[in-house]
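Here's the structure, in structure tokens; my notes come after.
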Amino acid sequence: MKKEIPAQYDPSKVEDKWYSYWMENNYFHSEPDDREPFTIVIPPPNVTGVLHMGHMLNNTIQDVLTRKARMQGFNACWVPGTDHASIATEAKVVRKLREQGIKKSDLSRNEFLEHAWDWTHEHGGIILEQLKKLGASCDWNRTTFTMDEAYSESVIDTFIDLYNKGKIYRGARMINWDPAAKTALSDEEVIYKEVNSKLYHVRYKISDSDEYVTIATTRPETILGDTAICIHPDDKRYTHLHGKKAIVPLVSREVPIILDDYVDMEFGTGCLKVTPAHDVNDYEIGQQHNLETINMMNVDGTVSKEGELYTGMDRFEVRKHIEKDLDKAGNLVKTQDYQNKVGFSERTDVVIEPRLSLQWWVAMKELSQPALENVMNDNIRFHPEKFKNTYRHWMENVRDWCISRQLWWGHRIPAYYYGEGDDDFVVAKTLKEAVQAAREKSENSNLTENDLKQEEDVLDTWFSSWLWPISVFDGFYKKDEINYYYPTNDLVTAPEIMFFWVARMIIAGYEYRGELPFKNVYYTGIVRDKQGRKMSKSLGNSPDPLELISEYGADGVRMGMLFSTPAGNDLPFDPAICDQGKKFSNKIWNAFRFLALNMEEGVTYKPTTEIDSENLVDRWMMSRIHQTIKEIEKDFQNYKLNDALKKVYSLIWDDFCDWYIELAKPAKYGDKFDLAKMNIALGMFEQLMKLLHPFMPFISEEIWQHINERSKNQALCISNWPEYDAEKVNKEDVSLFNSIQGMISALRNIRSEMSVSPKDDIEVLIKSKNADRITENEWIIRKLQSIKSLFIAEDFEKPKACASALVGNDEIYVQMFGLIDVDKEIERIKKEISRVEGFLKGVNGKLNNANFVENAPEAVIENERNKKRDGEANLAKLQEQLSDFE
RNA sequence: GCGUCCUUAGCUCAGUUGGUUAGAGCGUUGCAUUGACAUUGCAGAGGCCACUAGUUCGAAUCUAGUAGGACGCACCA
């Protein structure tokens with residue numbers, strides 16, 4: 001590495017190299033040992049999914065936490081894996097088969113599953129390979145899939161266990177039906193969206209009368225399933241209809257007019273049509289009034305035989321037709337535009353239909369008690385805390401969980417039917433056990449395996465994911481690993497799946513481990529585009545993560561994302577923010593390049609943290625490093641990773657590059673770099689790379705390896721995290737250096753305003769109470785400014801007609817050999833005077849206020865007095881300076 | 001409808017228990033630069049802290065209300 005070190009950092013040449021190196025050395029693998037564990041389980045992405053920006057953000061955060069913990073000496077274990085994602089994957093497979101001209105209905109269950117497994121093997125895990133590009137330091141030996149054999153066994157055993165405990169039951173209820181996937185959904189899988197629809201006013205003839213009643217509906221097709229008209233018992237307008245009957249239009253069915261105070265007299269006409277089979281509320285009314293239930297819709301959303309008309313036609317087609325037909329028949333009074341909320345399937349995005357159906361349920365009330373309590377009392381901490389409210393609200397009103405899905409891809413429910421009755425089934429792990437149980441339950445000892453039919457339904461995906469923190473360690477069957485790694489430390493996930501997943505993992509954790517599954521939950525925000533829209537495939541507004549990585553480097557993308565995402569806040573993502581990360585990488589690279597170019601062939605360098613105690617700059621830089629270590633530890637504890645990164649960024653760019661390296665440069669260009677100085681600079685650099693590593697693992701490893709090529713050899717990713725040492729922080733040094741920085745800044749300012757070139761030598765006078773210490777360090781000023789003469793003293797008579805500045809209580813004067821622009825200087829001083837006057841006005845206002853002086857704490861008053869004293873002193877100095885020019 | 005949270009510079013956000021004339025990054029403007037880095041350096045401009053009323057000696061910060069926004073829950077056909 002001599003002069004050929006390029007001035008541009010090229011991540012593509014570096015990142016794959018180090019990732020392979022880490023993998024070859026097995027640095028990410030964890031086995032239980034006597035260290036304290038630090039465990040994170042990945043939110044398993046859909047096995048056939050593709051990496052999107054949400055994953056990028058989420059996994060970057062997990063990697064930062066894992067890498068830092070690993071360096072801190074914890075036995076870090078980040079478990080990766082994928083989810084079989086029952087409905088989403090099945091939908092994809094069905095679509096793909098359809099493209100090949102194969103209908104799902106033409107296949108047997110096993111044939112279909114073969115296709116699904118083929119698809120899984122083909123596409124499964126692509127997403128995990130993509131995570132490696134990002135730098136994710138997962139323990140890949142532990143990669144788990146929710147349909148792995150052992151995992152599946154734990155799902156089935158859990159089902160059986162909960163069934164035996166009476167927590168799982170089978171029952172007929174109104175459920176959310178997805179006509180595209182042809183399956184039931186849980187309440188959480190329904191998304192309500194505001195849509196523009198129509199309100200149809202339809203009149204029903206009263207039997208044996210010429211009168212009509214008018215109802216309003218948004219779903220006129222359900223008229224086919226009407227079995228009553230309902231009015232409020234107290235509604236004076238309809239008293240005369242009590243006990244009468246009405247005729248359902250088109251199908252001409254006579255239905256009763258019933259009374260129920262469920263009806264809102266204010267809404268519409270105050271008349272409600274009742275369709276017990278296709279609406280949650282109507283179902284309840286139907287139950288109370290013993291109404292007939294007409295199931296007028298097939299599983300695919302077409303009208304069934306029972307609908308009598310439009311049989312086989314799709315529900316939305318029917319809506320169009322029935323509008324015309326009602327109009328023709330004289331039953332359509334009017335239609336009006338209407339906005340209402342309609343439920344859509346979370347996965348297939350089709351309008352769900354409420355449907356009466358026999359499904360499997362988990363009774364949630366009791367199970368969720370410990371999960372509620374332990375979040376509310378902060379045993380499990382949510383970051384940000386505001387999500388506790390949302391969580392509590394859901395948990396306090398938790399409803400039973402519909403866990404059966406009419407799909408094939410997933411864990412098949414271990415229930416076996418031996419008869420036609422709703423109760424003629426047993427739950428058992430194997431067919432053999434089922435036979436035994438069925439014989440006992442049916443008291444029919446002649447039953448054989450051939451008489452039993454296994455439940456066709458599979459389990460909701462989340463019924464397997466809720467065991468994730470336990471089952472990835474095979475925790476139901478082997479205790480050594482689970483007892484070591486569980487409870488895990490942090491869970492990083494999106495608030496969207498708080499109910500689907502987080503809440504249920506907590507429930508399962510208390511039910512099966514008797515304790516919390518994780519100590520902290522970090523909720524990330526939603527990644528949005530510049531216009532604030534959620535990034536999604538359908539909108540096509542999501543950049544391809546891999547392209548981003550190839551453009552900016554994984555480090556650049558990681559930094560860009562982390563830089564602008566406080567916990568729980570949405571991330572309005574503009575790829576341009578990754579450019580900042582790329583620039584930062586290049587800045588770091590060039591800082592290293594500068595040192596490297598000054599390192600000599602054949603010399604052995606030994607990076608050290610033993611600084612030159614005589615050198616203020618060394619002491620200051622070391623203080624800054626340790627101040628930062630302390631500060632970012634606090635940020636990490638509060639999960640404010642962006643704040644931590646910003647501090648490291650500023651430490652490297654502002655403190656190290658702009659000041660430390662500038663001051664470490666040899667006196668003259670071309671001079672040799674002092675060996676001891678180089679070793680200290682490299683030692684500082686090492687510390688910085690350690691602090692940077694969790695955020696930007698590749699470039700930090702690259703530089704670390706370059707530095708250590710000349711000395712020891714150990715990977716940065718498993719080196720030790722710098723420990724905060726209060727003795728390394730010298731506040732006096734920091735403050736002295738800060739005031740020297742202020743003086744240099746003031747001189748730059750004067751040059752800038754007076755248009756004096758940085759190369760022109762200037763004559764500088766500094767008046768300071770700290771003159772001794774500044775004099776000791778005057779080389780700093782001389783190094784960063786072109787100085788003709790420098791005079792520093794506690795007091796002196798100020799020279800006439802020169803540019804001046806105040807730095808704290810110190811005064812700086814610059815003699816400018818007539819270069820000085822008098823008008824500009826006067827203007828500058830006047831501006832400064834008016835600023836100080838305004839400042840003093842505020843301070844005096846307070847001090848002259850008797851109420852303030854009587855009520856405010858002494859420290860606050862004292863502070864104001866100091867401000868007044870300093871302000872007045874400064875004002876006097878400024879006025880003196882001004883008087884020189886007038 | 002109920003609940004929770006939010007509103008600070010052009011953009012994205014900090015701002016501890018109320019106590020400097022409210023900060024940062026990006027962007028923007030000006031100047032500079034053969035020397036690690038134009039992927040750079042230096043400097044400047046830019047704010048009625050959404051609005052209104054209170055509490056207080058003192059409010060970006062506390063209280064109430066108004067407006068706008070986000071999320072969660074429940075929904076009237």
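Order of the sequence lines sets the chain letters (A, B, ...), proteins ahead of strands, with each chain counted from 1. Computation of the quantities below employed the complete heavy-atom set of this structure, encompassing side-chain atoms and omitting hydrogens, waters and symmetry-equivalent molecules.
Rounded to whole Å, the P atom of B:rG23 lies 15 Å from the corresponding atom of B:rG15. On the P atoms, B:rA22 is 15 Å away from B:rU16, given to the nearest whole Å. Using atom P as the reference point in both B:rG65 and B:rU12, the two lie 29 Å apart (nearest Å). Spacing of P atoms, B:rA59 relative to B:rC49, comes out at 13 Å, to the nearest Å. Taking the C1' atoms as reference points, B:rG18 lies 9 Å from B:rU56, given to the whole Å. Comparing B:rC6 with B:rC76, their P atoms are spaced 31 Å from each other, to the whole Å. On the P atoms, B:rC57 is 32 Å away from B:rA67, given to the nearest whole Å. Using P as the reference atom, B:rA77 and B:rU4 are 26 Å apart when rounded to the nearest Å.
Searching all strands for a Watson-Crick or G-U wobble partner of B:rC31 with both distances below 3.5 Å returns B:rG41. Judged by Watson-Crick or G-U wobble contacts below 3.5 Å, the nucleotide B:rG18 has no partner. The base-pairing partner of B:rC76, taking Watson-Crick or G-U wobble contacts with both distances under 3.5 Å, does not exist among the strands shown. Across all strands shown, B:rC5 forms a Watson-Crick or G-U wobble pair, both distances under 3.5 Å, with B:rG69.
A:K867 comes within 4.0 angstrom of the backbone, heavy atoms only, and of no base. Note on A:D282: nothing from the nucleic acid sits closer than 4.0 angstrom, heavy atoms only. No contact: A:Y9 has no heavy atom under 4.0 Å from any strand. Among the protein residues, A:K831 comes within range of the sugar-phosphate backbone only, with heavy atoms under 4.0 Å from sugar or phosphate atoms but none that close to a base. Using a 4.0 Å heavy-atom cutoff across all strands shown, A:R399 reaches sugar-phosphate atoms only and no base atom. Using a 4.0 Å heavy-atom criterion, one finds that A:N389 contacts the sugar-phosphate atoms exclusively. Contact annotation for A:G838: base contact, defined as any heavy-atom pair under 4.0 Å involving a base atom. Residue contacts shown for A:V836 include a base, since a base heavy atom lies under 4.0 Å away.
Among the nucleotides B:rG30, B:rA14, B:rG27, the one closest to the side chain of A:K640 is B:rA14. Comparing B:rC37, B:rC75, B:rG25 against the side chain of A:N586 picks out B:rC37 as the nearest. The nucleotide whose nearest atom lies closest to any side-chain atom of A:N340 is, among B:rA43, B:rC57, B:rA77, B:rA77. Distances from the side chain of A:D264 to the nucleotides B:rA77, B:rU20, B:rC73 place B:rA77 closest. Nearest nucleotide to the A:Y649 side chain, out of B:rC57, B:rA43, B:rG25: B:rG25. Proximity note for A:V263 (side chain, C-beta onward) versus B:rA77, B:rC37, B:rC57: the nearest is B:rA77. Distance from the side chain of A:N851 is smallest to B:rC57 among B:rC57, B:rA43, B:rC37. Listed nucleotides B:rC75, B:rC73, B:rA36 differ in distance to A:N281; the shortest reach to its side chain belongs to B:rC75.
Nucleotide B:rC71 holds its P atom 12 Å from the CD1 atom of A:I191, rounded to whole Å. Between the C1' atom of B:rG41 and the CD atom of A:E662 lies a distance of 9 Å, rounded to the nearest Å. Between the C1' atom of B:rG72 and the CD1 atom of A:I497 lies a distance of 16 Å, rounded to the nearest Å. Rounding to whole angstrom units, CE of residue A:M395 and C1' of B:rG72 are separated by 15 Å. Atom CD1 in A:I215 sits roughly 15 Å away from atom P in B:rC76 (whole-Å rounding).
A salt bridge between A:D400 and A:K365 is absent, with no side-chain N of the basic residue lying under 4.0 Å from a carboxylate O of the acidic one. One finds no salt bridge joining A:K830 and A:E827 here, because no Lys/Arg side-chain nitrogen approaches an Asp/Glu carboxylate oxygen to under 4.0 Å.
Using modelled atom types and a 3.5 Å distance limit, the side chains of A:S834 and A:E837 yield no donor-acceptor pair. There is a side-chain donor-acceptor pair under 3.5 Å between A:Y204 and A:D226. If you check the side chains of A:H232 and A:D260, you find no donor sitting under 3.5 Å from an acceptor.
The nearest heavy atom of RNA chain B to A:P758 and to A:E496 marks one nucleotide each, and the one closer to the 5' end goes with A:P758. Position along RNA chain B of the nearest nucleotide to A:S757 versus A:K634 favours A:K634 as the more 5'-ward residue.
Judged by the 6.0 Å and 45° rule, A:K587 forms no cation-pi pair with A:F656. Cation-pi geometry between A:K193 and A:F344 is satisfied (NZ or CZ under 6.0 Å from the ring centre, within 45° of the ring normal).
Remark: A:K665 is in phosphate contact with B:rA36, judged by side-chain N or O atoms under 4.0 Å from OP1 or OP2. Between A:W653 and B:rG41 there is a side-chain N or O to OP1 or OP2 distance below 4.0 Å. Contact check, A:T275 against B:rA77: no side-chain N or O comes under 4.0 Å of OP1 or OP2.
The one candidate from A:D337, A:N340, A:T218 that meets the side-chain hydrogen bond (donor to acceptor under 3.5 Å, both in side chains) condition with A:S197 is A:N340.
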